[in-house]
Amino acid sequence: MGRSRRKYKQSRTKVRVGLPKKNPRLFKPSFSVPPKLLQSLADEPQWDDKGTVNHNYHSFGVLSDPNSISHPSPASESIDSGSDLEEDDLKSALGKKRRDGKSALPQPLTAMQRIHIGRLVDKYGDDYQRMMMDIKLNPMQHSIGTLQKLCIRYHMYQNKNPLLLAK
């Protein structure tokens, strides 16, 4: 008679892979707060009994209506310029106006993106419509707007890419 498959599987030892144990006393913050912003948090705002709730929430840096982010009301303020304590990189990441009034520069393309966009630019120049229609050279099937942004980034960092200068 044959042996039961279920009994055979139950009798085998199971290999358990142990993960490294975490040190409960070691605390790593998930992000770092800029030092200037951290200094500004030292003096905590006080609740004003005579002020409105919205004004007090604003002084604490909290929104009174979280739905106002997705649907801004016409009475609400425009994009907050932020305080002078925030760094320009933090402001551009948060969508606030930088001190110099500009937005952050676009990032350079990766090596693979440079190869693909370089082939498209060599063949079509600035004709984004034909770039979009070429399935062989545009395998990701980027839209016209995406191709335009990629080409701008390609031309912006064309002579400044350290990988290309090394060759």
Show the nearest heavy-atom pair for residues R114 and Q158, with the distance to one decimal.
NH2-CA, 3.5 Å

Quick one: closest heavy-atom pair of S143 and T146, and the distance?
OG-OG1, 3.0 Å

Would you say that K9 contacts S4 through its side chain, given a criterion of any heavy-atom pair below 4.5 Å between the two side chains?
no

OH on Y128 to NZ on K149, rounded to 0.5 Å:
12.5 Å

Strictly distance-based, threshold 3.5 Å: is any side-chain N or O of Q10 a donor or acceptor partner for the main-chain N or O of K7?
no

Are any non-hydrogen side-chain atoms of M131 and N138 less than 4.5 angstrom apart?
no

Counting only heavy atoms not in M156, do more than 12 fall under 6.0 Å of its CE?
yes

Measuring only between side-chain heavy atoms, which start at C-beta, is R119 closer than 4.5 Å to K123?
no

For atom NE2 of H155, decide whether the heavy atoms of other residues, nucleotides or ligands shown that lie under 6.0 angstrom number more than 12.
yes

Where the side chain of R153 meets the backbone of Q107, is there a donor-acceptor pair that is under 3.5 Å apart?
yes

To check you understand the geometry: which heavy-atom pair defines the closest contact between Q141 and I135, and what is its length?
NE2-CG2, 4.1 Å

Look up atom CG in L147 and atom CD in Q129, then write down how far apart they are to the nearest 0.5 Å.
10.0 Å

Flag the pair V121 / C151 as yes when at least one side-chain heavy-atom distance between them is below 4.5 Å, and no otherwise.
yes

Do you know which two heavy atoms are closest between N56 and D48, and how far apart they sit?
ND2-O, 2.8 Å

Got M140 and H116 here, is their nearest side-chain heavy-atom distance under 4.5 Å?
no

Are L120 and I117 close enough that some pair of their side-chain heavy atoms sits under 4.5 Å apart?
yes

Could you tell me the separation between the CG atom of L137 and the CD1 atom of I115, rounded to the nearest 0.5 Å?
13.0 Å

